[in-house]
Amino acid sequence: SEDNNKLKGSVVGFELDGKLYPMNDTTREKAIKALMPEKSGYTLLQWNDADGKKVFSIYYDKENNLVFDAEFPSDGIKTDLSLYAEFDAAEYVIIYSGNTATATNNMVQVGSVDEALTLFKDSTFSNDGYKLTGWNTRPDGDGTSYKLGDSFTLDGKQFKDLSDVSKVSNVPNDITKGFTLYAIWEKVGSSDNPSGNTDGDN
């Protein structure tokens with residue numbers, strides 16, 4: 001039915017994976033799940049037509065009520081309509097630690113899932129008598145290593161495994177996931193690593 005140029009109606013049934021279902025309290029969750037597909041590291045933004053124009057969005061509000069926001073043609077749908085899900089990539093942070101007793105302030109880099117980032121370079125931190133040589137996921141250097149200025153991309157599966165960083169200083173309030181990279185130092189004119197005892201005496 002039409003009311004004030006906005007198409008309104010009720011779904012009486014739906015087809016999913018080749019099987020027809022009547023719309024009722026039992027099948028409602030199945031229909032909602034089909035309309036709200038999941039993609040690791042992403043949030044469903046809206047459903048678009050073939051031209052990329054929004055047709056409808058469906059989401060839960062803060063009170064956990066299901067909201068259906070449609071922009072169907074005012075004169076109704078005349079033919080079959082193909083819809084395409086548009087997703088919004090989640091944001092995360094890389095927390096850079098100076099990894100020394102004096103460099104206690106963290107530096108933060110914000111990225112999005114599947115976005116290529118350039119890791120921070122040698123001007124990030126300073127440590128008298130030492131040269132910054134790279135980054136590692138562990139402060140002792142025994143984790144995964146990254147070169148200064150490396151290109152880094154995080155996928156949706158990796159995003160799911162990230163730690164909660166909502167209480168870390170300098171992290172934007174709306175970002176809750178991330179990981180830490182620790183600075184790896186090399187003594188100028190030496191191969192000594194200040195984060196470990198290399199020869200038993202020094």
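Positions are given from 1 along the sequence. The figures that follow rest on heavy atoms only: side chains count, while hydrogens, waters and symmetry mates do not.
In this structure, Thr137 contributes its side chain and Thr144 its backbone to a donor-acceptor pair below 3.5 Å. Checking side-chain atoms of Asp122 against main-chain N and O of Leu132 turns up no donor-acceptor pair under 3.5 Å. At distances below 3.5 Å, not a single donor-acceptor pair connects side-chain atoms of Trp185 with backbone N or O atoms of Gly129. The backbone N or O of Lys157 lies less than 3.5 Å from no partner atom in the side chain of Ser40, so there is not a single donor-acceptor pair.
Taking the six-membered ring for Trp and thresholds of 30 and 60 degrees, Trp47 and Phe56 have nearly parallel ring planes, at less than 30 degrees apart.
With sequence neighbours excluded, the residues satisfying side chain to side chain donor-acceptor pair (under 3.5 Å) with Asn24 are Thr27.
The existence of a salt bridge linking Arg138 and Asp140 is confirmed by a sub-4.0 Å separation between a basic side-chain nitrogen and an acidic carboxylate oxygen.
Inspection of the Asp164 and Thr176 side chains reveals no N or O donor paired with an N or O acceptor under 3.5 Å.
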Listed pairs under 3.5 Å, donor-acceptor, residues 108-116 side chains, sequence neighbours left out:
{"unit_1": "Gln109", "atom_1": "OE1", "unit_2": "Tyr96", "atom_2": "OH", "d": "2.6"}
{"unit_1": "Gln109", "atom_1": "NE2", "unit_2": "Thr118", "atom_2": "O", "d": "2.9"}
{"unit_1": "Asp114", "atom_1": "OD2", "unit_2": "Tyr42", "atom_2": "OH", "d": "2.5"}
{"unit_1": "Glu115", "atom_1": "OE1", "unit_2": "Ser112", "atom_2": "N", "d": "2.8"}

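Within 6.0 Å of CG in Asn65 there are more than 12 heavy atoms belonging to other residues, nucleotides or ligands. By the 6.0 Å contact criterion, NZ on Lys54 is enclosed, its count of non-hydrogen atoms from other residues, nucleotides or ligands being greater than 12. The number of heavy-atom neighbours closer than 6.0 Å to CD of Glu15, taken from other residues, nucleotides and ligands shown, is above 12.
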